[in-house]
There are 2 protein chains.
Amino acid sequence: MPRQVDHEARRRQLTEALLRIAGTRGLQAVSMREIAAEAGVSLRVVQYYFTNKQALLESGLTELGARIDRRLKERVTAAAGELTPRDVFAAVLRTILPFDEQSRLDSMAWTAYYTVALTDPALAAVGLTLPNALENVLTARLTAAQQAGHITPDRDPRTEVAGLLALANGLTSSVLSRQRSYEDAVKIIHYHLDRLFGPAAV
Amino acid sequence: MPRQVDHEARRRQLTEALLRIAGTRGLQAVSMREIAAEAGVSLRVVQYYFTNKQALLESGLTELGARIDRRLKERVTAAAGELTPRDVFAAVLRTILPFDEQSRLDSMAWTAYYTVALTDPALAAVGLTLPNALENVLTARLTAAQQAGHITPDRDPRTEVAGLLALANGLTSSVLSRQRSYEDAVKIIHYHLDRLFGPAAV
DNA sequence: CTAGTTAGGGTACAGGTGTATCCATTCGAG
DNA sequence: CTCGAATGGATACACCTGTACCCTAACTAG
């Protein structure tokens, strides 16, 4: 075999360039040539490692989902050990919000993808798996927490989780548009967690 | 003066065509020629009544805001009279969600606009006035309701309102992506209103 | 050493984009 | 009746888009 190149690395490089553009200038600014320029390669290379623009876009969404998933796992297991259920939820919801420059860029890109997914079934399939999985995992956690007596029995775990995730999504929007600061959004989250789990479990 | 045409009507006709496209196929599908086709006129007419594509887009966002505002006022004042504060909030939040085909289309268009506004300062200015105004009006209402004893004094009206609006926005997203039905979203809203105002005020 | 595959530079093509221009009609004011 | 402004049809332009193709290096298995 002749000259071998690490395809996986090349594709990651291109996908990251794509997400950088989507996060700063939006998905409408993403074109084959822009990606090539951002990655510092020629148009041909982009074509060589991705058959389609569609394939490239799907790769971007997949990577985005993987990043968020990775961040969630890192930040939840990081402060593991003697974590109360409330702490777990706080960590997850804080991680969903754009908390630093990188996660702001990713949230921007995610929002852009979500919007085009509303009119593009192919992307919708890829983009809905993460939110659904998250809702299920958290519902299971909250149900367990309820049985352990951490929240009162009159709460409905699935409804609570759906509400908290919708809240986090809505807050993300307002943080991205700079209508609200990250810190204010976190306060609102904690305010709701207080209501759910009872006063702050310092 | 020669043949006079109702400019206002023409522009409305074109703006509505624009919003129909944005609501069904997304903002990325909006082009001068598509608008012309959707409105049943020639490209020249679109150019004649709007100097720019930018002007057209801004007109679309303005109209969208006006529609939502109109709907809010209709549905709130409709069941006026002996409305409890809780009923007012329920009406507002239910109106934000996509509750019929028309409001679903508008919500789609709104989401599309919101996303491009994140990377387009000109649109951001237009698009943020409505949410901010709404938050202020509702905060005033809730503060008054608190003084009248409809909610307990330990609640913070501004935080509650911000949370409820973020919740409604997040739920709108999930309804648009058909992750959740409108009815389920309404249930979650009422669930939270119960917590805020106390058990259902029949 | 050589054949053959992988990797990419360069360029072309068909189609869509916003915008500008040319021109014909329409019609009311004088 | 006529002149000129309002309205809009038709077309052109320059640019950007995704994709396809040609051809040359590079390199390794034989």
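Every chain is numbered from 1 and lettered A, B, ... according to where its sequence line falls, protein lines coming before strand lines.
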Over how many whole Å does the gap from B:I21 atom CD1 to C:dG16 atom P extend? 15 Å
I want to check one thing: is the phosphate of D:dC22, taken as OP1 and OP2, less than 4.0 Å away from some side-chain N or O of A:R44? no
Residue-phosphate contact under 4.0 Å: B:R10 side-chain N/O, D:dT7 OP1/OP2: no
Measure from CD on A:Q28 to P on D:dG18 and round the result to the nearest Å. 13 Å
CA sep, side-chain torsions, deciding dist, call: A:H7, A:Y49, ring pair (Phe, Tyr, Trp, His ring centres under 6.0 Å): CA-CA 7 Å; A:H7 276 228; A:Y49 290 94; 4.8 Å; yes
Which nucleotide in C:dT17, D:dT19, C:dA7 has an atom nearest any side-chain atom of A:V5: C:dA7
Electrostatic pair B:E63:B:R67 at N-O distance under 4.0 angstrom: yes
Quick one: B:L43 CG to C:dG18 C1', roughly how many Å, whole number? 9 Å
Closest listed nucleotide, where the reference is the side chain of A:S42 and the choices are C:dC22, D:dT7, C:dG8: C:dG8
Return the residues of residues 45-55 of chain A meeting this criterion: a heavy atom under 4.0 Å from some atom of DNA chain C. Order them by number, or give none. A:V45, A:Y48, A:Y49
A:R25 atom CZ is separated from D:dC16 atom C1', nearest whole Å, by 14 Å
Side chains of A:S177 and B:Y114, donor plus acceptor under 3.5 Å: yes
Could you point out which residue of B:K73, B:R71, B:R75, B:E74 forms a side-chain hydrogen bond (donor to acceptor under 3.5 Å, both in side chains) with B:T95? B:R75
Side chain of A:S31: nearest nucleotide among C:dT11, C:dG18, D:dT17? D:dT17
Starting from C1' on D:dG18, measure out to CD1 on A:I35 and report it in whole angstrom. 11 Å
Between the base of D:dG18 and the side chain of A:R33, is one N or O donor paired with an acceptor at under 3.5 angstrom? yes
Answer yes or no: does a side-chain N or O of A:H7 lie under 4.0 Å from OP1 or OP2 of C:dT6? no
State whether the side chain of B:S59 and the backbone N or O of B:A55 hold a donor-acceptor pair below 3.5 Å, judged by distance alone. no
Whole angstrom value for the distance that separates P of D:dT19 from CD of A:E34: 16 Å
To the nearest angstrom, how far is B:M32 atom CE from D:dG9 atom P? 16 Å
Are B:D87 and B:T84 close enough that a side-chain donor and a side-chain acceptor fall under 3.5 Å? yes
OG1 of A:T139 to CG of A:L165: how many Å apart, nearest 0.5 Å? 8.0 Å
